[in-house]
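Counting begins at 1 with the first residue of the sequence. Nothing here was measured: the structure is a model prediction, and the numbers come from that model.
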Amino acid sequence: MTHMHIPDGILPVWLWTSGFFLMFIALGISLARLKDMDMKVKLPLLAGLTAAMLVAMSLEIIPPAYHINLSVVTGILLGSALGFISAFIANAMLALMGHGGITVIGLNTLLLGAEAVLGHALFTLIGGKLPIFWRAALSTVVTLLITTGLLIGIVSASGAVPAFVLGHDHEEMPLGGVSVPRFAIMVLGFGALGWFIEAAITGAVVRFIAHVKPDIIMHVLHTEAGKGDEL
């Protein structure tokens with residue numbers, strides 16, 4: 001839902017260039033952290049989760065016309081650094097497929113990358129206080145609420161028509177039909193239903209991984225295997 005389908009030429013230059021600037025800083029930090037990782041284990045997981053993100057973000061749940069991102073589950077399983085890199089790869093490929101303009105890659109990567117980073121941080125922060133399904137689900141809902149607020153802020157700052165963010169068929173949308181306050185109500189209202197759908201998917205995936213490959217979860221949490229986790 002936080003992936004913007006805005007075509008090139010809509011956003012002001014200062015906004016999308018700032019998006020690229022901040023994205024490259026975050027990418028640089030993420031790439032610098034790779035030297036401390038076991039990439040033989042992480043690369044196949046990065047490839048699989050990025051592919052899953054691409055498929056999920058290309059599909060639409062009708063109703064409520066919601067796109068599953070899988071960015072939170074990607075952040076939980078990969079960690080914040082690789083989660084951000086995965087978000088960049090997915091957004092770059094989607095832009096080349098026509099899902100948003102090339103100039104929006106920076107902002108879209110920041111949004112989905114923020115979901116990966118926040119999802120990982122919240123999942124780790126909650127720790128063993130909740131069963132792992134609810135831990136992942138709660139992390140997803142809180143993260144998507146925050147990043148949806150960021151999306152609304154970007155749309156408001158851009159001065160662009162909010163209708164461009166709502167779907168692919170931009171030419172069929174009444175350009176003056178959606179104000180920023182109404183847009184905020186729509187994405188928070190309809191988006192909330194999508195958050196719970198994505199939370200359920202994220203919780204189910206993380207719980208499944210915890211059962212079949214618990215070492216992945218334990219590595220993410222930086223804890224000893226089997227220590228105080230209720231699956």
Side-chain angles (χ1 to χ4, degrees), residues 1-6 19-20 23-24 26-31 33-34 37-62 65-102 104-123 132-133 136-137 139-140 143-144 147 151 167-168 194-195 197-220:
M1 188 70 178
T2 49
H3 180 266
M4 298 185 292
H5 300 132
I6 300 176
F20 273 107
M23 181 195 74
F24 284 126
L27 273 178
I29 295 172
S30 299
L31 289 170
R33 293 179 59 187
L34 296 187
M37 298 182 186
D38 183 0
M39 296 310 296
K40 291 181 180 179
V41 175
K42 290 290 189 177
L43 276 179
L45 194 57
L46 171 65
L49 288 169
T50 304
M53 285 180 64
L54 280 169
V55 172
M57 292 169 65
S58 300
L59 302 176
E60 185 175 296
I61 298 176
I62 304 175
Y66 183 88
H67 291 265
I68 297 294
N69 289 342
L70 297 185
S71 48
V72 175
V73 69
T74 298
I76 290 173
L77 297 178
L78 287 177
S80 56
L82 277 177
F84 192 91
I85 293 171
S86 178
F88 165 69
I89 296 170
N91 276 299
M93 294 186 71
L94 283 170
L96 294 176
M97 294 163 55
H99 287 240
I102 300 296
V104 195
I105 291 175
L107 292 170
N108 273 334
T109 299
L110 290 174
L111 285 170
L112 265 70
E115 291 178 359
V117 172
L118 284 172
H120 171 77
L122 288 171
F123 183 80
I132 200 163
F133 174 90
S139 300
T140 301
T143 294
L144 294 179
T147 54
L151 170 66
H168 301 284
W195 303 342
I197 295 172
E198 184 145 3
I201 294 172
T202 300
V205 169
V206 173
R207 183 171 59 183
F208 175 76
I209 295 295
H211 280 295
V212 299
K213 292 287 289 183
D215 54 305
I216 293 177
I217 302 296
M218 295 306 168
H219 179 73
V220 168

**Request:** Would you check, one step at a time, whether the test side chain to side chain contact (heavy atoms under 4.5 Å, CB included) holds for Ile102 with Leu96?
**Result:** CA-CA 7 Å; Ile102 300 296; Leu96 294 176; 4.0 Å; yes
[X] versus [Y], closest heavy-atom pair with distance:
| X | Y | value |
| --- | --- | --- |
| Ala136 | Gly203 | CB-CA, 3.8 Å |
| Gly79 | His120 | CA-ND1, 3.6 Å |
| Ala52 | Leu70 | O-CD1, 3.7 Å |
| Ala90 | Thr50 | N-CG2, 4.1 Å |
| Gly113 | Ala87 | N-CB, 3.6 Å |

**Message:** Is there a side chain to side chain contact (heavy atoms under 4.5 Å, CB included) between Leu27 and Phe84? Walk through the geometry before answering.
**Reply:** CA-CA 7 Å; Leu27 273 178; Phe84 192 91; 3.9 Å; yes
N/O donor-acceptor pair under 3.5 Å between [X] side chain and [Y] backbone:
| X | Y | answer |
| --- | --- | --- |
| Asn108 | Met4 | yes |
| Ser86 | Leu82 | no |
| Glu198 | Asn69 | yes |

Quick check for you: to the nearest 0.5 Å, what is the distance between [X] atom [atom1] and [Y] atom [atom2]?
| X | Y | atom1 | atom2 | result |
| --- | --- | --- | --- | --- |
| Thr143 | Ile76 | OG1 | CD1 | 7.5 Å |
| Met97 | Met57 | CE | CE | 10.0 Å |
| Ser71 | Asn91 | OG | CG | 9.5 Å |
| Leu144 | Leu118 | CG | CG | 10.0 Å |
| Leu46 | Leu77 | CG | CG | 12.0 Å |
| Thr147 | Glu115 | OG1 | CD | 3.5 Å |

**Message:** If you apply the rule side chain to side chain contact (heavy atoms under 4.5 Å, CB included), what do you find for Met93 with Ile89, and how did you get there?
**Reply:** CA-CA 6 Å; Met93 294 186 71; Ile89 296 170; 4.1 Å; yes
**Request:** Find out whether Leu45 and Leu78 are in side-chain contact, i.e. whether some heavy atom of one side chain is under 4.5 Å from a heavy atom of the other.
**Result:**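 A side-chain contact under 4.5 Å exists here.
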**Request:** Determine whether Leu112 and Thr74 make a side-chain contact, defined as any pair of heavy atoms from C-beta on separated by less than 4.5 Å.
**Result:**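 No; the side chains remain at least 4.5 Å from each other.
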**Request:** Apply the test side chain to side chain contact (heavy atoms under 4.5 Å, CB included) to residues Ile201 and Val73: give CA-CA distance (whole Å), side-chain angles for both, the deciding distance (0.1 Å), then the verdict.
**Result:** CA-CA 9 Å; Ile201 294 172; Val73 69; over 6 Å; no
**Message:** Exactly one of Thr140, Ile132, Thr202 should register a side-chain contact (heavy atoms from CB on, under 4.5 Å) with Phe123. Which one does?
**Reply:**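 The option that passes is Ile132.
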